[in-house]
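Structure record follows, encoded as structure tokens.
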Amino acid sequence: MGEEKPKPSGVWPTVKPFVNGGSAGMLATCVIQPVDMIKVRIQLGQGSAGHVARTMFRDEGLGAFYKGLSAGLLRQATYTTARLGSFRILTNKAIVANDGKPLPLYQKALCGLTAGAIGACFGSPADLALIRMQADATLPAAQRRNYTNAFHALYRIVSDEGVLALWKGAGPTVVRAMALNMGMLASYDQSVEFFKDNLGFGEASTVVGASAVSGFFAAAFSLPFDYVKTQIQKMQPDATGKYPYTGSMDCVMKTMKAGGPFKFYTGFPVYCVRIAPHVMMTWIFLNQIQKVQKSVGL
């Protein structure tokens, strides 16, 4: 019989969930970035998915679909690293407190809410840079910020607006992240248990099925908050220095008055197509990373 590989010791078991989560999120972002660009343009009122895609390709070229990729990767390196890592830490501790038994759905949801808030606090600056880079081409030439990459965007924001401006829109960002992660994280763990224990699915089909469920609930829970967050983060003052919204609640009220509750679901099909595959690929990449690490004893 072969010798049993020694279990990892030191700080690695603690940082492993964070490293794995961030790596999986960054890999997924590289694949989904073009759809994310289209989603932002739709929310900014530039038309349907097909119209936006054709216009971007005709007027800005193929590179326009990857504008903001550096900010997207930075966002995953902060936001997803923090949320997936903290979620796994929280659920592991909760399972220990529950005498090793599977957690009920409400406890998974609470862990997801907490992990989402933690991740959003770390990832808000990169998220702001990403939204601004993606929306820049929609502004008049005189108002464009012309950030060259994520770090240039962060430097300019601090230089022009102050350090606290990095967390502009952080309130709706945190709320959106809490909603998304409650839908994404809790539903994934619950679905894994259901597919594996109740339906007898194998590992691959369990991961794919649970990932699809997770992606749908992440999109459905988070889009209204994402819409408000985008409107707050991309707003600019008018000629008198007045912003269109005084805050997230003002944005909610004005949006409700102008378009009703369904206005918050503007671009839902594209948003779902963007969020669900990203969520699915994040879980699939995470599963593969964990399998590779297990095979080499990490």
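Because only heavy atoms are used, hydrogens play no part in the values below, and waters and symmetry mates are left out as well, while side chains stay in. Predicted model, so just to flag it, every value in this text is computed and none were measured.
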Take a 6.0 Å sphere around [atom1] of [X] and say whether it holds more than 12 heavy atoms from other residues, nucleotides or ligands.
| X | atom1 | value |
| --- | --- | --- |
| Tyr265 | OH | yes |
| Phe217 | CZ | no |
| Phe18 | CZ | yes |
| Leu199 | CG | yes |
| Lys196 | NZ | no |

Show, in sequence, the C-alpha distance, side-chain angles and deciding distance for Asn98 and Gln107, and conclude whether the side-chain hydrogen bond (donor to acceptor under 3.5 Å, both in side chains) test is met. CA-CA 10 Å; Asn98 201 35; Gln107 289 189 5; 5.0 Å; no
Apply the test side-chain contact (heavy atoms from CB on, under 4.5 Å) to residues Thr255 and Val228: give CA-CA distance (whole Å), side-chain angles for both, the deciding distance (0.1 Å), then the verdict. CA-CA 9 Å; Thr255 301; Val228 173; 5.8 Å; no
When hydrophobic residues are tied together by side-chain contacts of less than 4.5 Å, even through go-betweens, does [X] share a cluster with [Y]?
| X | Y | answer |
| --- | --- | --- |
| Val175 | Met182 | no |
| Leu62 | Val31 | yes |
| Leu103 | Leu90 | no |
| Phe194 | Leu105 | no |
| Phe201 | Phe216 | yes |

Residues that Arg156 engages under side chain to side chain donor-acceptor pair (under 3.5 Å), provided they are two or more places apart: Asp160
When you compare the side chain of [Y] with that of [X], does any pair of heavy atoms fall below 4.5 Å?
| X | Y | answer |
| --- | --- | --- |
| Cys121 | Val174 | yes |
| Phe65 | Ile38 | yes |
| Ile42 | Ser48 | no |
| Gln46 | Thr55 | no |
| Leu185 | Trp283 | yes |
| Arg83 | Thr80 | yes |
| Leu69 | Thr29 | yes |
| Trp12 | Val19 | yes |

Minimum-distance pair of heavy atoms, taken over all atoms of [X] and [Y]:
| X | Y | value |
| --- | --- | --- |
| Ala28 | Thr282 | CB-OG1, 3.5 Å |
| Ile95 | Lys101 | CG2-O, 4.0 Å |
| Phe87 | Ala186 | CZ-N, 4.5 Å |
| Ile284 | Ser211 | CG1-OG, 4.3 Å |
| Met280 | Val208 | CE-O, 3.9 Å |
| Val52 | Gly47 | CG2-O, 3.8 Å |

Is the ring pair His152/Tyr147 parallel, tilted or perpendicular, if the boundaries are 30 and 60 degrees? perpendicular
Assign the ring pair Tyr227 / Phe264 to parallel, tilted or perpendicular, where the plane angle (0 to 90°) is split at 30° and 60°. perpendicular
[X] side, atom [atom1]; [Y] side, atom [atom2] - distance, nearest 0.5 Å:
| X | Y | atom1 | atom2 | result |
| --- | --- | --- | --- | --- |
| Leu73 | Ser70 | CG | OG | 7.5 Å |
| Thr14 | Ile89 | OG1 | CD1 | 6.0 Å |
| Phe262 | Met256 | CZ | CE | 10.5 Å |
| Met235 | Lys242 | CE | NZ | 12.0 Å |
| Tyr188 | Leu84 | OH | CG | 10.5 Å |
| Lys294 | Lys291 | NZ | NZ | 9.5 Å |

Under a 3.5 Å cutoff, is there a donor and acceptor pairing between the side chains of Asn198 and Glu193? no
If you measure only the distance, is there a donor-acceptor pair under 3.5 Å linking the side chains of Tyr79 and Ser124? no
Going by an N to O cut-off under 4.0 Å, is there a salt bridge joining Arg75 and Asp127? yes
I'd like to know if Asp59 pairs up with Arg54 as an ion pair, taking the criterion as any Lys NZ or Arg NE/NH1/NH2 lying under 4.0 Å from an Asp or Glu carboxylate oxygen. no
Determine whether Arg132 and Ile157 satisfy the following criterion, side-chain contact (heavy atoms from CB on, under 4.5 Å), listing intermediate values before the conclusion. CA-CA 10 Å; Arg132 288 195 175 184; Ile157 292 170; 3.7 Å; yes
Taking [X] for the side chain and [Y] for the main chain, is one N or O donor matched with an acceptor at less than 3.5 Å?
| X | Y | answer |
| --- | --- | --- |
| Lys254 | Pro244 | yes |
| Ser191 | Ser187 | yes |
| Thr91 | Arg88 | yes |
| Asn149 | Phe151 | yes |
| Thr206 | Gly202 | yes |
| Lys16 | Leu298 | yes |
| Ser222 | Leu180 | no |

